[in-house]
Structures are given as structure tokens and as C-alpha cells.
Number of protein chains: 2
Amino acid sequence: MADPSRRSPAKQAAIVAAAAQLVAEIGYAAVTIEAIAARAGVGKQTIYRWWDSKAALYVEVYSQMVQVDEFPDMVDPRRYMGAILRQVFDLYAATSAVPILAGLISDAQRDDVARHALVHGLIGGRGPVLAQPLRQACRDGRLPADFDVDWAAEMAVALIWKRVLSGGALDHAFADRIVAAVLSGEGGPCR
Amino acid sequence: MADPSRRSPAKQAAIVAAAAQLVAEIGYAAVTIEAIAARAGVGKQTIYRWWDSKAALYVEVYSQMVQVDEFPDMVDPRRYMGAILRQVFDLYAATSAVPILAGLISDAQRDDVARHALVHGLIGGRGPVLAQPLRQACRDGRLPADFDVDWAAEMAVALIWKRVLSGGALDHAFADRIVAAVLSGEGGPCR
DNA sequence: ACAATACGAGACGTTGCGTCTCGTCAAGGT
DNA sequence: ACCTTGACGAGACGCAACGTCTCGTATTGT
């Protein structure tokens, strides 16, 4: 139906920007497609043409907002995880990513796109950022060969989601506690 | 306005039962107040008189559904936590509590009653079930005196919420992993 | 018996949904 | 240069559920 090559990049950017603005102003739940369209100076159909739902649109907003650009060196798993988490939390603090993430987790109970993003995509899986580097560390002997990477990633994601959902602090201290909990003992003093 | 002493217990029970039925049949998100009223043979106003919102009603449904009746003995913190978690997960498996919990966590981003239940009430705090017994174990020397009970409870709750939200398994194996992660080392072989 | 009020039923206005139908416009093909 | 195609802005449209309200009836305590 819709031909991606004919899509207007300017409109897309205006819509994403309007969505980001509105969430900062009135909160995720209060944002409507109609308000985004009005703010962006765009017809409703132009939004519905390219995104299935409000949640689908915000998956894109969130992805653009939380871009992990520079990966720290994997010298030590503990240092790596701490650095990556602090980087993400700094991005959270500088943007409206947290309310968007909370809204997306919430919408995932109703919306297929949000659910998929939550379980497999950027938001939930975090494969390239968390699981993959840790798996590499296992192969390199920086972590025990039988270290359960998937479980570690699940714990980290769970703790983050919980604070996002209940409004807890997402600061560097929290990042350090996650690292300590997820890599408890491994490569540390207990071993 | 509304006088609790004149409230009809039969109507209340019918409403709660209808709400529980409907969530099992069509899922939390699809349930409407109007459908609950129709199913319970009740006027809409009778629901709105006693509950602020759908979420507020389901907080009560969930509370009735997940009643931890018998507390296991606190001989060993690991055994205690394992027993209590298995008991809760068995209740989850026997009822529609999981979709309700997922719906409530979702609604907590929009609804004040759900948010309060999530942060302070039965759902999020879990004080009497988790934190309090662990705190007692600390005083009794069954856990290190500097053991961080709040952090342990937060981890357990976070892991449960994450699986509830993303549709993961809530079985005895998961219960054991939570215990191992939350009480890692404490009272175990590493210490 | 009487006052107070919970209750069933359903009308009511409101909001946002997602679809649709216009007329306009820009781009690519012939 | 013309013509087709499809994106676009604007907004009308029907729909569903919200939360409030107003009836008339039933129940309860004094």
C-alpha cells in the first residue's frame, strides 16, 4: 500500500519531534494521535499511514532517543557493564526517555508492536549491548565458562524496568548495584 | 457520600466475581466497566459508587485472589523464600492473577489507585511477605547483620514483574533462581 | 410509617479512536 | 509537455467506552 520511497522525511521528523515534545509536556498517557498530528502540522492519516499505533510511533521515538553510540572496551566485565549502564542512565536523565519507556511497557499489554519491541527488540532484548559482550567475555575467560549470560541480562533489565515503572531513581549508584548483583562474585573478591 | 454500612455484600461479590470471569475470558485490557456491570447484573453506578476505576476494582480482585495464608517457618531464609515464592506461583497458576497483575502494572502509569497499590500496597511492597521476615532473620543472625533487605525485596519483585509483563514462565525453577540470586552467597556455600 | 439511600436501567454529552473522502501538490514515466 | 500515481492537510464520520445524571423501585434503620 504505502510506498516507503515516497515518504516525506521532513514530515516524519516533524511527527517524531512533536511526539517527543508532547510527552515531556503532558505525559505519555495523555498524548493522543490527534494532538501529535496537530502539533506536527500534519493530517492524522499521515501518522496512521506509517505507524500502526501510538505505541509503534513511540518505539521509534525511543529508539532515536536512546542510542548507545560508543561501546566501552571489554577489559573487565564489571567495568564494561557499569560504563554502559551509566551511559544509558545519563541519556535517560537528559531526555524524556523514561516516561516513554514506562508508557511502552504499559502499552505492551495491549499493543503488538510495543510487545514485540519489549520482548525481542531494542527495549527488552538488549542483545547487542548486554548479552553479546558478556557472552564474548565468557569465551575469553574473563567470566566463568558456565556463567549464565541470559539470566544476568534478565536481571539487569528487570531491575531497570521496575524502577522505570515505579518511579525510582536511575542514577549511577543504581548502576553500580546492578553490576554488583548481576556479576556477584564473578571476577570479584568472592571468587 | 457513600455509606459503607449500607453496601450490599452480595452485589460486591457478584461484581468481583464477574470481573474475575471476564479477565479470564477476554483479557484484562478488553474488559470494560460496562461489561462487568452487565455480567454481574448490576448498574454501572453501583460499580462507580464503590470503586474509582477499573484498576481500583481489580486491585481488590487481585488481593482476594492472591492471599498468602500460611507462612512457612523461618528456619532458613533460603527455604523460607523458596517456599513463599512457590506458594505464590502456584496461586498464579490456579487463577487469572497474572494477567490481572500485568494489567495493574500497566494501569499504574495512568491510574492513581493502581500506582499506589504498586508502590506501597500489596503488589509492590510485599512487606509482610518478603521484607519483614528477612529483616527478622537479620536480627536473629540467620542473615548477615548488614544484609540489605530492601534491595533483596526489590530484586525479587523486579524479576517477577518482568516475567509477568513479558509473558515468561513463573514456575518453581524460576522461584529457585530468584532465591539464589537474591540471597546469593548469604548462608550458602560461598560464605 | 417514614426518611434516607442503595440499586437497576439506561439516557446523556464527551473524547479519542481508526477509517473515509475530498482537493491539492510533487515526482516519475512516457 | 502531459498524465498518472500516491502522499499530504483537513476534517467529517460512525463507533465504543467513558463517567455523570436522573428516573422509579427496593431495602434498611429509626
Side-chain angles (χ1 to χ4, degrees), chain A residues 1-19 21-23 25-60 103-104 106-115, chain B residues 1-19 21-23 25-60 103-104 106-115:
Chain A
M1 197 92 223
D3 178 0
S5 70
R6 301 195 57 166
R7 184 177 191 176
S8 160
K11 304 300 177 184
Q12 167 167 6
I15 291 166
V16 169
Q21 276 176 34
L22 282 168
V23 103
E25 291 173 18
I26 60 176
Y28 183 92
V31 174
T32 64
I33 296 276
E34 307 202 319
I36 297 172
R39 173 68 62 98
V42 141
K44 284 167 65 177
Q45 192 65 263
T46 303
I47 295 179
Y48 281 113
R49 181 154 31 230
W50 301 114
W51 291 281
D52 284 340
S53 61
K54 169 180 156 184
L57 168 55
Y58 273 102
V59 168
E60 184 163 339
L104 286 175
S106 173
D107 278 359
Q109 301 305 312
R110 273 160 268 119
D111 185 284
D112 284 339
V113 176
R115 166 154 285 262
Chain B
M1 199 91 224
D3 178 0
S5 70
R6 300 198 55 165
R7 185 178 192 175
S8 160
K11 304 299 178 185
Q12 167 168 5
I15 291 166
V16 169
Q21 277 176 33
L22 282 168
V23 101
E25 292 173 17
I26 60 176
Y28 184 92
V31 174
T32 65
I33 295 276
E34 307 202 319
I36 296 172
R39 173 68 62 98
V42 141
K44 285 167 65 175
Q45 191 65 261
T46 302
I47 296 180
Y48 281 113
R49 186 162 16 239
W50 302 114
W51 291 280
D52 284 341
S53 61
K54 170 180 157 184
L57 168 55
Y58 273 103
V59 168
E60 184 163 337
L104 285 175
S106 172
D107 277 359
Q109 302 305 312
R110 272 159 268 121
D111 184 284
D112 284 339
V113 176
R115 167 154 284 261

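Here is how names work: the chains are called A, B, and so on, in the same order as the sequence lines, proteins then strands, and each is numbered from 1. From a predicted model like this one, the values you see are computed outputs, not experimental measurements.
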Could you list by number each residue of residues 45-56 of chain A showing a heavy-atom separation from DNA chain D of less than 4.0 Å, or answer none if no residue does? A:T46, A:R49, A:W50

By side-chain contact (heavy atoms from CB on, under 4.5 Å), which residues pair with A:A35, not counting sequence neighbours? A:L22, A:T32

Apply side-chain contact (heavy atoms from CB on, under 4.5 Å) to B:A19 and list each qualifying residue two or more places apart in sequence or on a separate chain. B:I36, B:L57, B:Y58, B:V61

What is the distance, rounded to the nearest whole Å, between atom CG of A:L57 and atom C1' of C:dC17? 15 Å

Mind jotting down which residue pairs meet the salt bridge (charged side-chain N to carboxylate O under 4.0 Å, His left out) criterion with at least one end in residues 47-56 of chain A? Sequence neighbours excluded, please. none

In this structure, how many angstroms lie between the C1' atom of D:dA17 and the CZ atom of A:R110, rounded? 14 Å

Rounded to whole Å, CZ of B:R7 lies from P of C:dG8 at a distance of 12 Å

Can you list everything that forms a side-chain contact (heavy atoms from CB on, under 4.5 Å) with A:A13? Sequence neighbours excluded, please. none

Students often get this wrong, so: under 4.0 angstrom with heavy atoms, is A:K44 touching a base, only sugar-phosphate, or nothing? base

Do NZ/NE/NH1/NH2 and the carboxylate oxygens of A:R115 and A:D112 come within less than 4.0 Å? no

Which residue pairs satisfy the salt bridge (charged side-chain N to carboxylate O under 4.0 Å, His left out) criterion with at least one member in residues 31-48 of chain B, sequence neighbours excluded? B:E25-B:R39, B:E34-B:K44

Whole angstrom value for the distance that separates C1' of D:dT30 from CG of B:D3: 14 Å

Distance-only, no hydrogens or angles: does the A:R110 side chain make a donor-acceptor pair with backbone N or O of A:S106 under 3.5 Å? yes

Could you list the residues that satisfy side chain to side chain donor-acceptor pair (under 3.5 Å) with A:S53, not counting sequence neighbours? A:D111

Check the distance between C:dG16's P and A:L22's CG and give it to me in whole angstrom. 12 Å

Going by ring pair (Phe, Tyr, Trp, His ring centres under 6.0 Å), name the pairs with one or both residues in residues 29-53 of chain B, residues two or more places apart or in two chains. none

Using a cut-off of under 3.5 Å, enumerate the N/O to N/O pairs linking the protein to nucleotides 22-28 of chain C.
none

Any residue in residues 28-41 of chain A with a heavy atom nearer than 4.0 angstrom to DNA chain C? Just list them by number, or reply none. A:T32, A:I33, A:E34

Partners meeting salt bridge (Lys or Arg N to Asp or Glu O under 4.0 Å) with A:R7 (sequence neighbours left out): none

What pair of heavy atoms forms the shortest contact from B:D107 to B:A55, and how long is it? OD2-CB, 3.7 Å

